[in-house]
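What follows is a short report on a single structure.
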Amino acid sequence: AWGDCANAAGSIVSLGTASSVLPDTRAMAQLMNATRASSLRLDFDTGRYQQSNPHRSGEIALQRIAGWLGSLRLREATGTPGEFDSPPLGTGGAVDFARTCEIVKALKFRGPVIIEVDPPTGRKALRSIESDLSDSLQHLRDCGWFG
């Protein structure tokens with residue numbers, strides 16, 4: 001039904017789960033094969049994928065679901081599953097943002113890219129959030145995302 005509504009509206013809908021990403025690429029493929037709607041795509045969350053699959057390559061996972069990619073959520077990952085934290089990009093070391101950039105450029109992906117940083121409780125002051133976002137953007141520049 002979502003696919004029909006999106007088709008009727010001439011829109012693309014990016015699907016995520018409560019965790020913003022399905023557990024693995026097999027589950028993602030099963031969902032997309034079951035829906036078979038060209039207007040439904042996946043929201044791939046780099047940090048959540050790495051946290052849920054710490055011994056798998058998020059970059060390989062991204063390549064496996066490339067045909068269904070609708071939006072990309074750039075997020076770092078730290079902590080253990082269930083205790084997720086999203087520090088500034090590049091500070092957790094779980095996601096290779098340079099390699100992710102290479103993959104996205106090779107795909108000629110033009111969909112939305114969301115940068116998600118969630119400062120820990122107690123660091124929610126505007127100045128701290130601005131600093132985290134600025135640091136994240138600089139990290140992305142260093143990885144080739146801009147210019």
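No experiment lies behind these values; they were computed from the predicted model shown. In this chain, residues are counted from 1 in sequence order.
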Work out which heavy atom in [X] is nearest to a heavy atom in [Y]; give both atom names and the distance.
X	Y	answer
Arg75	Glu116	NH1-OE2, 2.8 Å
Thr91	Pro88	OG1-O, 2.6 Å
Asp24	Ala27	OD1-N, 2.8 Å
Leu89	Glu76	CD2-N, 3.6 Å
Gly58	Phe44	O-CZ, 3.8 Å
Pro112	Gly70	CD-O, 3.3 Å

*Could you list the residues that satisfy side chain to side chain donor-acceptor pair (under 3.5 Å) with Ser71, not counting sequence neighbours?*
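In terms of side chain to side chain donor-acceptor pair (under 3.5 Å), with neighbours along the sequence ignored, Ser71 is linked to Ser14, Asp43.
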*asked:* Please enumerate all residues that pass side chain to side chain donor-acceptor pair (under 3.5 Å) together with Asp142, with sequence neighbours excluded.
replied: Gln138
Distance from [X] atom [atom1] to [Y] atom [atom2], nearest 0.5 Å?
X	Y	atom1	atom2	value
Thr46	Leu74	OG1	CG	5.5 Å
Ser86	Asp45	OG	CG	7.5 Å
Leu15	Trp68	CG	CH2	12.5 Å

Output all residues satisfying side chain to side chain contact (heavy atoms under 4.5 Å, CB included) with [X], sequence neighbours left out; order by chain, then residue number.
X	result
Arg110	none
Ser134	none
Val104	Leu62, Leu72, Thr100, Phe109, Trp145

Tell me whether [X] shares a hydrophobic cluster with [Y], the cluster being built from Ile, Leu, Val, Met, Phe, Trp, Tyr side chains joined at under 4.5 Å.
X	Y	value
Ile12	Leu107	no
Val117	Val113	yes
Leu42	Ile114	no

Do [X] and [Y] come close enough that some side-chain heavy atom pair is under 4.5 Å?
X	Y	result
Leu140	Ile115	yes
Val95	Tyr49	no
Phe97	His139	yes
Cys101	Lys105	yes

*Check salt bridge (Lys or Arg N to Asp or Glu O under 4.0 Å) between Arg141 and all other residues, then give those that pass, not counting sequence neighbours.*
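Arg141 satisfies salt bridge (Lys or Arg N to Asp or Glu O under 4.0 Å) with no residue once adjacent residues are dropped.
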Taking only residues at least two apart or on different chains, which pairs with a member in [range] satisfy salt bridge (Lys or Arg N to Asp or Glu O under 4.0 Å)?
range	value
residues 6-15	none
residues 57-69	none
residues 90-99	Arg99-Glu102

*Short side-chain to backbone donor-acceptor contact, Ser131 and Arg127, under 3.5 Å*: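 Flag not set: sc Ser131 to bb Arg127 has no pair under 3.5 Å.
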*For Leu40 and Leu31, run side chain to side chain contact (heavy atoms under 4.5 Å, CB included): C-alpha distance rounded to whole Å, both residues' side-chain angles, the deciding distance at 0.1 Å, then the answer.*
CA-CA 10 Å; Leu40 293 180; Leu31 171 67; over 6 Å; no
